[in-house]
Amino acid sequence: MKCRVCREPAVIDVRRQNANYCCEHFLRMCRDQVARAIDEFAMVQPGDRCLVAVSGGKDSLAVWDLLVELGYAADGLYIGLGIGEYSDASRDHARAFASSRGLKLTEIDLRAEYGYDIPTGARTAHRAPCSACGLSKRHIFDKAAIDGGYDVLVTGHNLDDEAAVLFGNVLHWQTEYLGRQLPVLPAQNGFPRKVKPLVRLGERETAAYCVLRGIDYLVDECPMAAGNRHLGYKDALNQIEAVSPGSKFDFYFGFLKRAAGHFRSGAEVDQAELRACARCGAPTPGEVCAFCKLVDQAAQPRTVTVMLNQRGHS
Ligand code: AMP
Ligand code: FES
Ligand code: ZN
Ligand code: ZN
């Protein structure tokens with residue numbers, strides 16, 4: 001197995017590209033793919049301040065490292081979701097990476113700030129953990145980016161993630177989601193610009209990138225996600241990819257090129273109908289945003305306990 005570029009012994013094959021790479025040229029290929037995605041979709045402009053949402057996993061640490069390597073100013077944001085040892089370990093990996101590179105990491109703890117954590121909050125609010133988690137993360141990402149004066153919010157979503165979400169949205173014809181499933185969402189209506197610079201790289205490549213760069217990432221996946229639909233879609237696509245390399249890339253990029261535009265008008269109407277949440281000011285179609293409603297429901301037991309304690313003392 002020889003490197004496609006220099007013919008020295010290769011350390012990794014990328015079947016989708018029908019190519020093998022040595023360490024140096026694999027890392028360069030990853031940088032080139034990210035630079036190309038940024039350029040192709042006008043994700044980040046020179047001089048932009050980026051806020052990278054980091055979970056301590058391979059994707060978010062890789063994208064943070066790659067942005068810094070490419071010369072962008074990028075700080076990190078870690079959200080403590082309160083998922084037991086998993087959250088403690090993810091925080092430690094995010095902190096270790098930030099301090100090893102001298103980068104700024106902002107931490108927001110869900111329990112300290114909003115009075116709930118994902119496992120108990122989701123149960124109390126009768127929501128699936130991943131749905132409560134996704135809603136909480138999206139709200140806090142947006143707020144932190146706007147409050148911190150950042151130009152762009154970056155996440156570590158990779159090609160496998162995006163292809164799996166697309167697969168689910170197509171299976172169920174979620175047309176309003178299809179209209180918004182883009183690698184860049186422009187800043188509008190009080191939302192920051194949101195970008196996914198890893199869309200041209202698969203998760204096997206982001207893991208290899210971290211290993212070859214000496215980035216110590218959290219290998220464990222979130223325990224609450226086990227058995228969810230998204231992982232099922234990923235498995236299905238992996239089986240297709242095994243017999244037909246390049247299918248995921250064609251599926252996702254073919255959608256962006258040929259189909260996404262057909263769904264955009266519905267998503268734009270949705271955006272036009274947004275107003276400021278009466279509680280927190282975040283953009284929402286209703287009076288109170290979904291996050292504030294979740295906080296009300298999820299943080300309930302604590303309020304009840306406080307009331308009971310107060311009654312006990314009187
Ligand atoms: P997930 O929703 O777990 O698939 O993660 C998608 C992206 O959200 C990751 O690539 C990160 O950029 C970001 N992210 C996930 N968990 C956290 C967290 N606890 N704190 C900050 N960002 C996160
Ligand atoms: Fe959100 Fe697992 S990281 S439920
Ligand atoms: Zn080489
Ligand atoms: Zn709100």
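Just follow the structure's listing: the first ligand is 1, and inside any ligand the first atom is 1.
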Notebook entry, point to check: Checking S244 side chain against I240 main chain: does a donor-acceptor pair fall under 3.5 Å?
Noted result: no

Next item on the list: Identify, for atom 11 (C) of ligand 1, the protein heavy atom at the shortest distance, and state residue, atom and that distance.
Entry: A53 O, 3.2 Å

Next item on the list: May I ask you to decide if V68's main-chain N or O and R101's side chain share a donor-acceptor pair within less than 3.5 Å?
Entry: no

Notebook entry, point to check: Are the side chain of Q181 and the backbone of E162 linked by a donor-acceptor contact shorter than 3.5 Å?
Noted result: yes

Notebook entry, point to check: With backbone taken as N, CA, C and O and side chain as the heavy atoms from C-beta onward, which portion of V54 lies under 4.0 Å from ligand 1: side chain, backbone, both, or neither?
Noted result: backbone

Check: Is NZ or CZ of R200 both nearer than 6.0 Å to the six-membered ring centre of F253 and within 45° of the ring axis?
Finding: yes

Margin query: Suppose we measure from atom 19 (N) of ligand 1 to each protein heavy atom; which comes out shortest, and what is that distance?
Written below: I79 O, 2.9 Å

Next item on the list: Starting from the C-alpha separation in whole Å, work towards a yes-or-no answer on side-chain contact (heavy atoms from CB on, under 4.5 Å) for V34 and V63.
Entry: CA-CA 8 Å; V34 168; V63 77; 5.5 Å; no

Next item on the list: May I ask you to say whether R15 pairs ionically with E241, meaning some side-chain N is under 4.0 Å from a carboxylate O?
Entry: no

Next item on the list: May I ask you to check if any N/O/S atom from C3 comes under 2.8 Å of the Zn ion (ligand 3)?
Entry: yes

Next item on the list: Using atom types as modelled and distance alone, determine if a side-chain donor or acceptor of D151 lies under 3.5 Å from a backbone N or O of R49.
Entry: yes

Notebook entry, point to check: Parallel, tilted or perpendicular: which describes the rings of Y233 and H172, with under 30° parallel and over 60° perpendicular?
Noted result: tilted

Check: Is atom 1 (Fe) of ligand 2 under 2.8 Å from any N, O or S atom of C133?
Finding: yes

Next item on the list: Would you check the N or O atoms of F141, main chain and side chain alike, for any that come under 3.5 Å of an N or O of ligand 1?
Entry: no

Notebook entry, point to check: Please state which protein non-hydrogen atom is closest to atom 9 (C) of ligand 1 and give its distance, to 0.1 Å?
Noted result: G156 N, 3.9 Å

Check: Quick one: nearest non-hydrogen protein atom to atom 6 (C) of ligand 1, plus distance?
Finding: H157 NE2, 3.4 Å

Notebook entry, point to check: How close does the nearest protein non-hydrogen atom get to atom 3 (O) of ligand 1, and which residue and atom is it?
Noted result: K137 NZ, 3.4 Å

Margin query: To check your reading of the site, what angle at the Zn ion (ligand 3) do SG of C6 and SG of C22 form, to 10°?
Written below: 110°

Check: Is it true that a side-chain atom of S60 and a backbone atom of S55 form a donor plus acceptor pair closer than 3.5 Å?
Finding: yes

Notebook entry, point to check: Do you know which N/O/S atom name in H25 is closest to the Zn ion (ligand 3)?
Noted result: ND1

Next item on the list: Indicate, as side chain, backbone, both or neither, the part of D161 found under 4.0 angstrom from ligand 1 when only non-hydrogen atoms are considered.
Entry: neither

Check: Hey, which atoms in ligand 2 end up nearer than 4.0 Å to a heavy atom of C222?
Finding: 2 (Fe), 3 (S), 4 (S)

Checklist line | Shortest protein heavy-atom distance from atom 16 (N) of ligand 1, along with the residue and atom involved | finding: S55 CB, 3.3 Å

